[in-house]
Amino acid sequence: MDVTMGKDTCINSHTLYRSISDVISNQWNPLDLAESDTAKPYEHYIPVIYSWALAANDQQDLVEDLSKLACNQWGLATNHHNDRRAAHLIISIRDFHLNNAAYISSKLPLKLGA
């Protein structure tokens with residue numbers, strides 16, 4: 001799979017980034033923080049996870065990265081089920097966005113002017 005961001009996928013990269021951020025905060029959430037308890041605790045890690053998602057050859061690559069992040073950054077025990085579920089969602093979203101970038105881009109509203 002070619003993960004370089006071409007013209008079509010660049011337009012849609014913000015949507016993909018936001019989708020991955022939503023999965024991390026609302027589905028993966030290894031710190032088990034309620035939405036009201038958070039001041040976006042994962043925000044600092046989203047760019048890294050986004051890069052991992054684009055570079056991952058398959059779901060297992062991302063599972064390992066998420067597990068290491070939770071273990072090394074927060075000292076959490078590995079939750080393989082949660083990591084697999086989040087990685088599956090992220091890879092599915094990534095593949096959908098990359099495979100349908102031209103179609104999605106054509107449906108996005110145009111913003112004219114600054």
Side-chain angles (χ1 to χ4, degrees):
M1 174 180 62
D2 180 13
V3 295
T4 58
M5 297 295 246
K7 186 176 182 179
D8 290 335
T9 55
C10 264
I11 295 169
N12 196 34
S13 64
H14 182 68
T15 303
L16 176 57
Y17 186 91
R18 277 196 345 246
S19 297
I20 290 173
S21 177
D22 288 345
V23 170
I24 296 303
S25 298
N26 301 315
Q27 301 297 318
W28 184 49
N29 189 11
L31 297 172
D32 197 26
L33 299 170
E35 195 171 313
S36 61
D37 294 342
T38 65
K40 303 200 183 238
Y42 308 114
E43 189 172 345
H44 176 73
Y45 301 96
I46 301 300
V48 173
I49 296 169
Y50 177 79
S51 297
W52 291 342
L54 289 178
N57 290 319
D58 57 30
Q59 177 181 320
Q60 189 57 37
D61 286 348
L62 190 55
V63 169
E64 292 171 14
D65 290 333
L66 293 175
S67 295
K68 287 177 188 174
L69 177 64
C71 183
N72 295 338
Q73 287 297 317
W74 300 303
L76 301 174
T78 302
N79 183 336
H80 291 293
H81 173 73
N82 194 40
D83 297 341
R84 269 193 308 274
R85 184 173 51 88
H88 173 74
L89 286 169
I90 290 169
I91 296 300
S92 296
I93 291 167
R94 177 205 67 186
D95 291 348
F96 174 82
H97 279 265
L98 294 178
N99 292 331
N100 295 289
Y103 175 77
I104 293 168
S105 297
S106 71
K107 300 300 180 192
L108 293 175
L110 294 176
K111 292 183 179 178
L112 300 176

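The figures here come from the full heavy-atom set of this structure, side chains too, leaving out hydrogens, waters and symmetry mates.
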Flag side-chain contact, heavy atom, 4.5 Å: Ile90 against Ile24: yes
Cluster link Ile46 to Val63, ILVMFWY, side chain under 4.5 Å: no
Approximate separation, where rounding is to 0.5 Å, of Leu76 CG and Asp83 CG: 9.5 Å
N/O donor-acceptor pair under 3.5 Å between Asn26 side chain and Asn29 backbone: no
Minimum side-chain heavy-atom gap Leu16-Ile93 below 4.5 Å: yes
Atom pair CZ (Arg84) and CD1 (Ile91), whose distance is rounded to the nearest 0.5 Å: 14.5 Å
Leu66 vs Ile49 side-chain heavy atoms within contact, under 4.5 Å: yes
Whether Arg94 side chain and Ile20 backbone form a donor-acceptor pair below 3.5 Å: no
Aromatic ring pairing Tyr42/Trp28, orientation class (parallel under 30°, perpendicular over 60°, tilted between): tilted
Rounded distance [0.5 Å steps], CD in Gln73 versus CG in Leu31: 10.5 Å
From CZ (Arg18) to OG (Ser25), nearest 0.5 Å: 13.0 Å
Spatial distance of atom CZ (Arg85) from atom NE2 (His81) [nearest 0.5 Å]: 5.5 Å
Point-to-point distance, once rounded to the nearest 0.5 Å, from NE2 of His80 to CD of Glu64: 9.5 Å
